[in-house]
Each structure stands twice: as C-alpha cells, then as structure tokens.
Visitor: 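Here it is: the structure, laid out below.
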Amino acid sequence: NLSERLDSVFKKLKGHGKLKEKDVEDGLKEVRIALLEADVHYKVVKKFINDIKERALGQEVMKSLTPGQQVIKIVNDELTKLMGASHEDLNLSGPVPIPVMLVGLQGSGKTTTAGKLAVLMRKNGRKPYLVPADVYRPAAIKQLKKLGDQLDVPVFPSDAKKDPVKICREAVKKARKEGYDTLILDTAGRLHVDEELMTELVRIRDAVHPSDILLVADAMTGQDAVNIAKSYDEILDIGGVVLTKMDGDARGGAALSIKAVTGKPIKFIGVGEKLNQLEPFHPDRMASSILG
Amino acid sequence: LFKSGTTMEDLWEEIEERLITSDIGVQTTMDIMENISKKFPKISNPDQLKAVLKEEIISLLNTQTAAPEKATAKPHVVMIVGINGVGKTTTIGKLAAKSSDEGKKVLIAAADTFRAAAIEQLVIWAEKAGADIVRHRDNADPAAVAYDGVEAAVARGKDIVFVDTAGRLHTKISLMEELKKIRRALSKKIPDAPHEVLLVLDATTGQNALSQVRLFNNAIGVTGIALTKLDGTAKGGIVVSICSTFDIPLKYIGVGEQLEDLHDFDPALFADALF
Ligand SMILES: Nc1nc2c(ncn2[C@@H]2O[C@H](COP(=O)(O)OP(=O)(O)OP(=O)(O)O)[C@@H](O)[C@H]2O)c(=O)[nH]1
Ligand SMILES: Nc1nc2c(ncn2[C@@H]2O[C@H](COP(=O)(O)OP(=O)(O)OP(=O)(O)O)[C@@H](O)[C@H]2O)c(=O)[nH]1
Ligand SMILES: [Mg+2]
Ligand SMILES: [Mg+2]
C-alpha cells in the first residue's frame with residue numbers, strides 16, 4: 001500500500017542524512033501512482049500533486065524523522081479538504097411539494113436510491129411520494145412500484161406511454177392534492193452525450209423546479225467520471241452526488257474526480273442493495289479509502 | 001493527438017495521458033510504453049508510433065485461449081453473471097435475439113428472483129427476442145429456476161439456454177456461494193453445463209474490473225466477457241489488462257439499449273477507437 005511504498009522510498013535515505021527535494025519528488029511519484037490506481041482522473045491527479053508539492057517540500061516533511069508518514073498526512077489532509085468540510089444534506093427548500101430529481105447513467109442505482117431516499121425522508125418526518133419517470137426501460141415503473149409497496153410509500157401511477165415531463169407535472173399536482181410534501185423523481189438512465197435525452201432532463205427540471213438534483217454515480221467509475229459529471233453539471237446544475245455501490249472494494253477515486261471537476265458535494269453513499277443502506281457522506285473516510 | 005510541432009517527449013506524455021484516461025491502468029501503460037521504446041528505440045515519427053501502439057494493444061487483446069468451441073451440446077447452456085447494474089439482463093435479451101435470428105430455439109431462465117421486477121424485465125426481453133422463458137415467483141430459489149430452465153429446454157428440444165442471475169458484488173461471499181450453487185444445479189441436469197459462463201462488465205468501470213474478473217473467475221470459472229455501454233465516452237481500456245492478465249477472451253461489446261446493439265468483439269476496431 002502507499003504507506004509501505006513511501007516508507008521504502010524514504011528508507012533509502014536513512015543513511016544519507018538530510019532529505020533532498022528529489023527524495024520528496026520520488027515520494028510524490030508514488031502518491032501519483034496510488035491515486036491513478038484508485039481511479040482518480042489523470043488531470044485531477046496532476047493538479048493535486050502540483051498543489052501539494054509546496055507543502056510537501058516544506059519543513060514538516062524535510063525536518064521529519066518519518067518523512068513518509070508526513071507525506072501521507074499531508075495527502076490525507078489535502079484530500080479531505082478537497083472532498084468537502086463535512087456532510088451536506090439534501091436541499092429541501094421552497095414551497096411543498098418539494099421535488100428532488102435523481103439523474104445519471106444507466107445502471108448506476110437511481111431507482112434503488114429513490115427507495116432509499118424515501119426511507120430517509122420518512123425517518124425525518126416527511127411524507128415522500130415516489131414518481132417513476134422512466135418510460136423506456138422494460139418494467140422500470142413496476143420496479144419502483146414494487147419498492148414503494150415494500151416500504152408502504154405511495155407511488156404515482158405513471159403510464160409508460162406518457163411523456164416523462166407530463167408525468168412529473170401530474171405527480172406534483174397529485175402530491176399537492178394528497179398532502180405529500182416531497183417528491184422523488186426517478187428518471188431513466190441516459191448517456192451524458194445523448195442530446196435528446198439530456199434535453200428531456202432539462203425539460204423536466206424547468207417544468208417542476210426541483211429543489212435538489214442528485215447525480216447518482218457508481219463508485220467504481222473510472223476515468224470517465226470526469227466527463228459524466230462535467231456534462232451533467234453543465235447541463236443541469238446539479239445540487240450534489242450520490243455515490244453508489246460503495247460496499248464493494250472499489251477505492252472510489254471517482255469521488256475525487258467528480259468533486260474536483262464540479263465543486264458539487266457528495267451528499268450520500270449507497271452501501272448495499274437493501275433500502276436502509278444509504279449513508280451520509282464523510283469526506284475523511286473517502287480520503288483514506290482512495291489512498292488504499 | 002500528435003499535432004505538428006510536438007516534441008517526442010510531449011508525444012510520449014500525450015500517449016501516457018491517452019492510455020491512462022482510457023482506463024488501461026498505470027502499470028499496463030508503463031509496460032506498454034517500456035515495451036515500445038525497447039522494441040523501437042529509434043521511433044521519431046508520430047504516425048509510426050501510433051501504428052506501433054495499436055499493434056501492441058491488439059497483441060495484448062488477443063488471448064491464447066480460443067473462444068469456446070461451436071456449440072455442439074443440446075441445449076448449449078450459458079450462465080450470465082456480473083455485479084449490479086452492468087447490463088446482464090439486457091445483454092441476454094440481445095444474445096437471445098441473435099440466436100433466434102440464427103434459427104436457434106432459445107429458452108431463458110429467470111434466475112434473478114431477488115431484485116424488484118427483475119423477472120418482469122426479463123419477460124419483456126424474452127418476448128422481444130422470440131424466446132421461451134422459465135420463471136418462478138419472487139424470492140424463489142435461483143438454483144431451482146436454473147435447474148427447471150435447463151430441464152424445460154431439454155424437454156422442448158431447445159438449442160440454447162441463457163440463465164440470468166442477480167447482480168452481486170464479487171466481494172460478497174455468501175452471494176458468490178449462491179452463484180456456485182446455481183452453477184452446480186445446472187451441471188446436475190447436464191453434466192457439462194454451463195458450457196459458457198459470460199461475465200458482463202461495464203465499460204465505465206475503472207481498475208475495479210480486475211478484482212471483479214478475479215473473484216468471479218475464482219468462484220465459478222469465467223469463459224468469456226461481454227463489455228457493455230461502449231456507446232458512451234468510456235473507452236473500456238481495462239480489458240487490455242484483463243485479457244493479458246487472465247487470458248479470458250472478450251467476446252461481445254454492448255453499444256446501446258436496443259435488441260440489435262450487440263457486436264462481436266474486434267480487437268483492431270477497439271484499438272483504433274483508443275486513438
Ligand atoms: N451492492 C449495491 N448494489 C446497489 C447499490 N445501489 C443500487 N444497487 C444495485 O444496482 C443495480 C442497479 O440499480 P437500479 O436502481 O436499477 O439502477 P438504475 O440507475 O435505476 O438503472 P437504470 O434505470 O437502468 O438506469 C440493482 O441490482 C441494485 O440493487 C448499492 O449501493 N450497493
Ligand atoms: N447505453 C447502454 N446502456 C446499456 C447497455 N447495456 C445495458 N444498458 C442499460 O443498463 C441498464 C442496466 O441494465 P440491466 O440489463 O438491467 O443490468 P443488470 O446487470 O441485469 O442489472 P441487475 O440485474 O440489477 O444487476 C439498463 O438501463 C440498460 O438499458 C449498453 O450497451 N449501452
Ligand atoms: Mg432505474
Ligand atoms: Mg438483471
């Protein structure tokens with residue numbers, strides 16, 4: 001792991017007395033490799049290493065008896081700072097019923113996350129309404145309906161032959177009528193480069209004005225995370241991110257790439273297939289996961 | 001890539017960036033670049049370098065293990081596995097349609113009895129593909145569905161059976177044990193079954209794909225890989241290290257959500273797309 005690799009880089013210097021700049025640069029090379037192996041984007045790594053170089057060449061490392069550990073501490077600090085100060089919650093402001101919109105690539109976990117958010121909202125004393133807005137994927141509406149039934153959370157009776165914009169508008173009206181204070185809009189997975197489908201998301205947003213738009217992204221996404229997040233954010237101005245499938249062994253470098261390129265917070269992580277497996281995001285834990 | 005006025009050093013850095021951002025991985029990228037500079041120390045022309053790179057990548061993609069023999073068993077049993085959301089069910093729909101088009105009689109076993117509406121989703125695909133489907137109720141034993149599927153295929157004279165399984169993370173031991181149980185159930189009915197175990201990978205996945213291949217292969221043996229969602233901007237370069245590390249052939253690529261969006265893997269086209 002990185003700690004061992006850094007120790008071996010700096011161990012060679014035990015006999016040479018004073019630490020030289022070149023030694024720290026060799027240490028930073030190991031950090032770069034560790035971040036790339038963790039799926040952090042090439043350009044994000046380049047900028048990150050550049051940004052921490054000054055601090056790494058400072059007294060805290062050069063004068064340390066354990067320079068390897070000092071470098072790790074700096075990397076950990078700076079990563080945590082980059083990931084955000086602390087947990088940021090859902091944005092639920094404005095008049096009820098408040099829509100929250102879930103978007104993202106195919107298979108990232110949106111429908112499942114919709115169910116998980118309904119559980120969370122109900123725990124916080126809200127009255128959530130699930131809205132299936134995916135009219136393309138076979139049995140997508142049925143999938144969300146089944147989750148709603150399991151949770152005893154009401155689900156809007158979407159018609160797969162209708163336009164998703166119309167579905168969301170009607171769902172808002174029904175929510176207002178029935179006294180539900182929050183809507184969770186589950187949209188179809190789509191590629192960020194699919195102009196027509198990305199425009200559909202803009203039309204949904206402009207029709208119902210969600211208070212939060214969450215990009216649901218897979219924790220094991222590789223270098224493409226930067227392209228996906230950038231496009232979704234530029235087109236929709238997302239409020240935050242849910243990183244799913246964090247219960248696996250992916251290091252999760254996509255989290256750093258996404259945060260670095262959009263500046264938007266990761267609000268939650270999915271840690272399993274069950275509907276109670278959604279947790280608030282903790283920047284410090286993500287930093288140590290990425291470092292391996 | 002390779003615009004005029006670039007120095008050789010800039011070129012190498014550009015290549016490193018291109019390979020790494022394609023998800024080829026740091027170690028594999030360094031190995032490729034080292035191999036090339038050893039084999040061709042005098043390279044000075046960008047077009048030459050590009051050609052040499054492509055050849056190197058194609059050679060890494062050509063696995064020693066040939067793709068499985070033409071299906072001679074009747075029925076030929078294919079088990080589809082992989083982590084959550086990668087495209088297993090959709091890929092079965094596409095493969096079933098392909099087989100139907102080739103005049104084969106197809107049956108699908110709906111052995112994902114866990115995820116909400118998984119069976120309903122597969123029923124729709126089976127209909128689109130002109131295939132029979134064997135299903136039990138939600139939360140039934142997946143191994144029982146798999147067994148019944150093969151039994152029905154034998155009884156109905158089917159040529160090929162596709163067994164859909166629930167998505168599962170490779171690190172979940174009890175779920176991997178369940179997969180072994182499903183595999184055993186298939187071989188109880190037909191000793192050589194499954195004749196193929198197709199691992200589905202998502203092209204947007206980074207280095208974690210290596211761990212997925214390793215653990216699925218250790219658990220039940222993987223005979224081929226299908227790489228989905230290549231119609232996005234991800235390059236799927238992780239297959240370069242997969243093919244050279246595990247010697248498991250990449251058989252199919254998924255390039256969309258419709259029935260016809262499945263192609264046989266072509267290493268040359270794939271290497272081209274990287275540049
Ligand atoms: N292990 C694990 N699996 C998850 C998690 N979140 C979702 N899944 C699983 O991932 C798969 C895909 O989830 P869906 O909710 O259908 O994904 P989606 O984004 O709605 O998919 P599309 O609508 O097709 O774009 C399912 O098998 C889910 O059970 C998670 O946090 N951990
Ligand atoms: N763009 C694109 N989308 C795909 C491709 N293959 C599958 N999908 C989509 O990916 C999503 C997930 O597909 P599924 O077939 O449900 O995936 P799965 O592996 O069976 O999922 P689980 O059973 O929940 O683990 C769906 O929205 C599919 O339409 C592909 O090649 N390209
Ligand atoms: Mg969905
Ligand atoms: Mg499936």
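Here is how names work: the chains are called A, B, and so on, in the same order as the sequence lines, proteins then strands, and each is numbered from 1.
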Visitor: Counting distance only, does the side-chain N/O of B:Glu17 pair as donor-acceptor with the main-chain N or O of A:Tyr42 below 3.5 Å?
Guide: no
Visitor: Select, from B:Asp138, B:Ile20, B:Leu122, B:Asp231, the one with the greatest count of heavy-atom pairs under 4.5 Å involving chain A.
Guide: B:Ile20
Visitor: Determine whether a donor-acceptor pair (N or O, by modelled atom type, separation under 3.5 Å) exists between the side chain of B:Lys235 and the backbone of B:Ala273.
Guide: yes
Visitor: With a 4.5 angstrom heavy-atom cut-off, which part of A:Arg137 approaches chain B: side chain, backbone, both or neither?
Guide: side chain
Visitor: Among residues 285-292 of chain A, which ones touch chain B with a heavy-atom distance under 4.5 Å?
Guide: none
Visitor: Please determine, among A:Gln143, A:Arg32, A:Arg251, A:Gln150, the option with the most heavy-atom pairs under 4.5 Å with chain B.
Guide: A:Gln143
Visitor: Under 3.5 Å, side chain of A:Asp233 to main-chain N/O of A:Ile238, donor-acceptor pair present?
Guide: yes
Visitor: Applying salt bridge (charged side-chain N to carboxylate O under 4.0 Å, His left out), can you list everything that pairs with B:Lys98, at least two apart in sequence or on another chain?
Guide: B:Glu102, B:Asp264
Visitor: Between B:Thr90 and B:Gly87 (side chain of the first, backbone of the second, donor and acceptor by atom type, cut-off under 3.5 Å), is there such a pair?
Guide: no
Visitor: For A:His192 and A:Tyr232, take the angle between the two ring planes, folded into 0 to 90°, and tell me which bin it lands in: parallel under 30, tilted 30 to 60, perpendicular over 60.
Guide: tilted
Visitor: I'd like to know if the side chain of A:Ser158 and the backbone of A:Pro132 have a donor-acceptor N/O pair within less than 3.5 Å.
Guide: yes
Visitor: Checking heavy atoms, do the side chain of A:Asp249, its backbone, both or neither come under 4.5 Å from chain B?
Guide: both
Visitor: Please classify the contact of B:Ile83 with chain A as side chain, backbone, both or neither, using a heavy-atom distance under 4.5 Å.
Guide: side chain
Visitor: Which atoms of B:Gln212 come close to chain A, meaning under 4.5 Å heavy atom to heavy atom: side chain ones, backbone ones, both, or neither?
Guide: side chain
Visitor: Indicate yes or no for a side-chain donor-acceptor contact from A:Lys46 to the backbone of A:His41 under 3.5 Å, with no hydrogens or angles considered.
Guide: no
Visitor: Sort A:Lys145 into side chain, backbone, both or neither according to what part of it lies under 4.5 angstrom from a heavy atom of chain B.
Guide: neither
Visitor: Between A:Leu144 and chain B, which part of the residue has a heavy atom less than 4.5 Å away: side chain, backbone, both or neither?
Guide: neither
Visitor: Any salt bridge linking B:Lys180 with B:Glu177? Criterion: basic side-chain nitrogen under 4.0 Å from a carboxylate oxygen.
Guide: yes
Visitor: As a quick check of understanding, evaluate side chain to side chain contact (heavy atoms under 4.5 Å, CB included) for B:Thr89 and B:Trp125, giving each step before the final call.
Guide: CA-CA 8 Å; B:Thr89 303; B:Trp125 279 111; 4.2 Å; yes
Visitor: Which atoms of A:Asp247 are under 4.5 Å from chain B, going by heavy atoms: the side chain, the backbone, both sets, or neither?
Guide: both
